[in-house]
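Excluded from the calculations below are hydrogen atoms, water molecules and symmetry mates; all remaining heavy atoms, backbone and side chain alike, are included. Computed from a prediction, not measured in an experiment: that's the story for all the values here.
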Amino acid sequence: MHILMPEDPVFMTRFLEMEEPLLHSLYYLHLDHLPRGQAKTIRQAYEGWGDIQAAMPKFLNWHTPTAFELAVPRRESEGYRLHSPDGEQLISLYVVEVSIESINCLGACLTLLEEAENALGGALAGALEDIREPRERDLVDNFRRVLRAMQIPAPPGLLESLRDAAPAGPEREVSLNGAQHTEYVTYRDQFCHTLSTGDAFLYEMHRSLYL
C-alpha cells in the first residue's frame with residue numbers, strides 16, 4: 001500500500017518516539033518478562049516500525065528534542081519542491097510504499113497496549129508505567145495518533161501527481177492543479193487534526209507549518 005509522508009517535523013518527532021522510548025524500551029528491557037503472545041506482538045510491531053522507517057526518504061528522519069516548540073518547515077528540501085496552483089511553495093509530501101502487514105502489526109500492538117492500560121495490573125501495564133513515568137507525553141496516545149495519521153487514505157489525484165517526485169523519481173519541481181491542491185488541503189487538515197488535536201497551541205503551530 002502507498003501512504004503519504006509529509007516533510008513535517010511534528011510528525012517525525014512523534015513517529016520516532018514510537019520507537020524511542022516506547023517500542024525500544026519494551027523490546028530491550030521488558031520483553032523477557034511478558035507472556036509469549038504479548039512479546040511476539042511487540043516484536044512484530046518493532047520490526048514493522050523499522051520496515052516503515054526504512055522505506056522513507058532518509059532525510060525525513062531529521063529530529064530535534066525541541067521540534068514541538070521550534071518546528072520550522074524546511075523550504076529547501078533534499079527531495080523536490082511542491083507548489084500550489086498560484087506558485088506558493090508547500091510542505092512536500094512523499095509517496096512511501098509500506099506493507100499492509102507492517103501497518104497491521106502496529107495496529108495489533110496498539111490494541112495490546114490500550115488493553116494493558118485499561119487493565120488493573122500485569123507485567124505489560126507495569127512496563128508502560130515504568131516507561132511513561134519520566135515523560136510528559138502519553139506514549140500510547142502518541143502511538144495511536146501516528147498510526148491513524150499513516151492510515152489516512154492517500155488522495156488518488158495527489159498520489160498520482162507525486163509518484164515521479166524526487167528522490168524516488170526525476171521531478172525536482174511539482175505544481176499541483178486546482179483539484180490536486182484541494183486534495184492536499186483536505187489531507188493536510190486531516191493529518192494535523194489526527195496528530196495534534198486536543199492541544200490548541202500545538203494544533204495551531206502544527207497547522208501553521210502548512211500555511
Side-chain angles (χ1 to χ4, degrees), residues 1-19 48-64 66-104 106 142 145-197 202-211:
M1 63 181 290
H2 290 97
I3 62 177
L4 290 174
M5 292 287 186
E7 197 162 0
D8 177 334
V10 175
F11 171 74
M12 284 311 307
T13 297
R14 286 190 176 277
F15 176 79
L16 293 172
E17 283 188 350
M18 289 176 69
E19 191 269 344
W49 181 92
D51 289 343
I52 293 171
Q53 185 193 39
M56 293 182 182
K58 298 306 178 188
F59 54 81
L60 286 189
N61 288 296
W62 63 298
H63 168 254
T64 66
T66 56
F68 275 89
E69 293 77 21
L70 302 175
V72 176
R74 298 189 306 177
R75 295 303 184 184
E76 293 303 319
S77 173
E78 296 178 42
Y80 73 101
R81 284 191 286 269
L82 182 65
H83 300 279
S84 73
D86 297 329
E88 177 188 9
Q89 189 171 343
L90 305 172
I91 294 291
S92 296
L93 302 174
Y94 295 89
V95 179
V96 176
E97 185 173 4
V98 302
S99 71
I100 294 177
E101 181 181 5
S102 294
I103 295 292
N104 288 343
L106 291 177
N142 183 69
R145 288 173 183 268
V146 174
L147 180 59
R148 288 178 179 173
M150 291 192 292
Q151 291 174 315
I152 296 172
L158 189 58
L159 187 65
E160 185 61 31
S161 70
L162 301 178
R163 287 187 185 275
D164 294 326
E171 299 296 329
R172 306 293 302 189
E173 303 280 345
V174 175
S175 294
L176 302 178
N177 62 32
Q180 292 163 346
H181 187 249
T182 297
E183 290 185 337
Y184 178 93
V185 170
T186 299
Y187 179 83
R188 173 203 68 193
D189 290 348
Q190 290 178 317
F191 198 82
C192 291
H193 185 270
T194 299
L195 285 173
S196 301
T197 189
L202 177 59
Y203 178 73
E204 290 302 321
M205 182 275 292
H206 191 186
R207 254 190 115 253
S208 72
L209 299 179
Y210 291 82
L211 301 178

Donor-acceptor pair, [X] side chain versus [Y] backbone, under 3.5 Å?
| X | Y | result |
| --- | --- | --- |
| R81 | V174 | no |
| R14 | R145 | no |
| Y80 | L93 | yes |
| D86 | E88 | no |

### Query
Do any pairs count as a side chain to side chain donor-acceptor pair (under 3.5 Å) and have a residue in residues 174-188, sequence neighbours left out, and if so which ones?
none

### Query
Restricting to pairs with a member in residues 150-168, which pass side chain to side chain donor-acceptor pair (under 3.5 Å), not counting sequence neighbours?
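Listed by first then second residue: E160-R163.
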
### Query
Which residues satisfy the side chain to side chain contact (heavy atoms under 4.5 Å, CB included) test with D189, sequence neighbours excluded?
V185, R207

### Task
Could you list the residues that satisfy salt bridge (charged side-chain N to carboxylate O under 4.0 Å, His left out) with R148, not counting sequence neighbours?
none

### Query
Do F191 and F11 have their ring centres less than 6.0 Å from each other?
yes

Taking atom [atom1] of [X] and atom [atom2] of [Y], what is their separation to the nearest 0.5 Å?
| X | Y | atom1 | atom2 | value |
| --- | --- | --- | --- | --- |
| L106 | M150 | CG | CE | 5.5 Å |
| E171 | L162 | CD | CG | 11.0 Å |
| E19 | Q53 | CD | CD | 7.0 Å |
| L60 | F15 | CG | CZ | 10.0 Å |
| L4 | I152 | CG | CD1 | 9.5 Å |

### Message
Is the shortest side-chain heavy-atom distance between V95 and L159 below 4.5 Å?
### Response
yes

### Query
Where do I103 and L147 land on the side chain to side chain contact (heavy atoms under 4.5 Å, CB included) test, with the steps shown first?
CA-CA 8 Å; I103 295 292; L147 180 59; 4.2 Å; yes

### Task
Applying side chain to side chain contact (heavy atoms under 4.5 Å, CB included), run through L176 and L158 and close with a yes or a no.
CA-CA 8 Å; L176 302 178; L158 189 58; 3.8 Å; yes

State, to 0.1 Å, how close [X] and [Y] come at their nearest heavy-atom pair, and which atoms those are.
| X | Y | result |
| --- | --- | --- |
| G79 | Y94 | CA-OH, 3.5 Å |
| A149 | T194 | N-CG2, 3.6 Å |
| H206 | L195 | CE1-CD1, 3.7 Å |
| M18 | N142 | N-ND2, 4.1 Å |

### Task
Using side-chain hydrogen bond (donor to acceptor under 3.5 Å, both in side chains) as the criterion, list what pairs up with S102, not counting sequence neighbours.
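Testing S102 for side-chain hydrogen bond (donor to acceptor under 3.5 Å, both in side chains), a comparison that skips the adjacent residues, returns S99.
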
#### Entry: Qualifying residues under side-chain hydrogen bond (donor to acceptor under 3.5 Å, both in side chains), relative to H83, sequence neighbours excluded
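Counting only residues at least two positions away or on another chain, H83 forms a side-chain hydrogen bond (donor to acceptor under 3.5 Å, both in side chains) with E173.
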
